[in-house]
Amino acid sequence: MTFDWSVVWQHRDALLAGTATTVLLTVMTMVIAVPCGMAVAALRLYARAPVRAVATAYVELFRNLPLILVVYWAFYVLPITTGLGLSPLATGLAALALNVTAYNAETFRAGINSIRKGQIEAATALGMSRPQALRRVVIPQALRRVLPILASTWVSLFKDTSLVSVIAVSELAYVSMQIRSQTFRVLEMLTAMAAIYWLLGYPQAKLVDWIQRRFVVTE
Amino acid sequence: MEFDFSVITDHARFLASGVGVTLALAGLSGICSLTLGFAVALLRLYGPAWLRPIAVLYIDSMRAIPVLVVLVWTFFALPIVSGITMPPFIAALIGLTLHLAAYAAEIVRAGVESVRAGQTRAALALGMSRVQLVRRILLPQAIVRMLPAFGSLLSITIKDTAIASVIAVTELMRQSETVAGQSFQPIEVFTFAMLVYFGLLFPVTRGVDLIYRRVAHLGRS
């Protein structure tokens, strides 16, 4: 059995472009999903009952679906229901954003709920209005607690971007598997793909551990 | 736009067999990854010094690589290295177990480390051996604290089995793709698959919440 690792170097440009798309997808999804997650969390906590129910249903639905199914669903359903001819990248981004927004919403909601009620009561007793108490007392503390969870969501998201390869978004996994089927260098390309994910993901996982130690909350 | 859900009833058996494979794969990889995770965590905590860094490297590597990549590698590349070809189901079981065991190991470690150090010292001062300490003092408390995390790992396991469709395991996701492709009715089929997955997963996550509320007080010390 002979291996020809030069195939990896020959396709370095394609792999690099794929890696860039992976990183871009991760960043863009987070840029969308953090503010949207905050909005959904706010709706779940402070909106009128019917709106709250819709927000809760959205969060529960997407937290209980495999992402790969959401990706397929978005690929087939979005063009028909919206009438837009979205590119695979935009479709993948939409699926990832829908999924991560639900998780972020839950994270923000849990963060705000984790601040004891006594603090809002104390703040209002001191003459603050409710929005003031939220802005000045609750949210700054909640953000600190939310950060480690957002960081681990980030790493999960980075890995989950590989799932949009099933709808031919040319990110790292798709590119590697394309080169694999063109060159038949199966072991070399798949190992290279795993190695690139590892090189990028390992420091991120370590960083998350550090953030979690750094921001540990003790009451 | 008209929907025709008869495509679901026409392929009911085919789709139901997919649900069966999904549950079998989730159940088996859940059990295997729990066992392996416990072993890795105990090795990491109490194993010989030279093994600990290897256990850490394994855990952190699996946390860094997408499960899709692990599955594809196990199915396509591992047979080239080992010379053994595997059916997709076995490859998926191995890949999912390797991936999820790392998360299980982290849960076990966090649970054990959450028991205060004073209890370890007290147990040793009372003359317990290390094995007794782990079995009698640490694990009984730690396991209660691990339960909610294991519950969410179970729901992650069920969700990850859908990724095994990429290596042609005939579970629900794969069967749905096949039906969607043959019938040209992807919306009906994938929406149905969504309902089924939600029906499987929602009770699990709800159950986790309920258990957590029930047992949370046992973990406090």
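Note that these values count all heavy atoms, side chains included, but never hydrogens, waters or copies made by symmetry.
- Proximity to chain B is absent for every atom of A/Met189, based on heavy atoms less than 4.5 angstrom apart.
- Under 4.0 Å is where a charged nitrogen must lie from a carboxylate oxygen, and between B/Glu106 and B/Arg44 at least one such pair does.
- The ring-ring contact (aromatic ring centres under 6.0 Å, His included) with B/Phe190 is formed by just one residue from the set A/Tyr76, A/Trp73, A/Phe75; it is A/Tyr76.
- The parts of A/Ala205 that come within reach of chain B are both its backbone and its side chain, each placing non-hydrogen atoms under 4.5 angstrom from that chain.
- With a 4.5 Å cut-off on non-hydrogen atoms, B/Met194 touches chain A through its backbone and its side chain both.
- Neither the backbone nor the side chain of A/Ile196 comes within contact range of chain B, judged by heavy atoms closer than 4.5 Å.
- Contacts between B/Ser165 and chain A at a heavy-atom distance below 4.5 Å involve the side chain alone, from C-beta outward.
- In this structure, no portion of A/Gln204 lies under 4.5 Å from any heavy atom of chain B.
- With rounding to the nearest 0.5 Å, the separation of CG in B/Leu153 from CG in B/Leu147 is 12.5 Å.
- Heavy-atom pairs under 4.5 Å with chain B peak, among A/Leu69, A/Leu200, A/Val77, at A/Leu69.
- For a residue to count as touching a neighbouring chain, one of its non-hydrogen atoms must lie under 4.5 Å from one of that chain's; by this rule B/Ser61 touches chain A with backbone and side chain alike.
- B/Gln175 is not listed as a side-chain neighbour of B/Val19, based on a closest heavy-atom distance of 4.5 Å or more.
- Counting heavy-atom pairs closer than 4.5 Å to chain B, the top residue among A/Asp160, A/Val166, A/Leu187 is A/Leu187.
- In this structure a side-chain-to-backbone donor-acceptor pair under 3.5 Å is missing from B/Ser155 to B/Gly151.
- Side-chain atoms of B/Tyr58 and B/Leu98, non-hydrogen and from C-beta on, do get closer than 4.5 Å to each other.
- Side-chain atoms of A/Thr21 and A/Val175, non-hydrogen and from C-beta on, never get closer than 4.5 Å to each other.
- Your options are A/Val155, A/Leu163, A/Leu172, and the one with the most heavy-atom pairs under 4.5 Å with chain B is A/Leu163.
- In this structure, chain A has heavy atoms under 4.5 Å from both the backbone and the side chain of B/Val72.
- Here the CG-CE distance, from B/Leu68 to A/Met193, works out to 6.5 Å after rounding to the nearest 0.5 Å.
- Heavy atoms closer than 4.5 Å to chain B are found in the side chain of A/Ser165, but not in its backbone.
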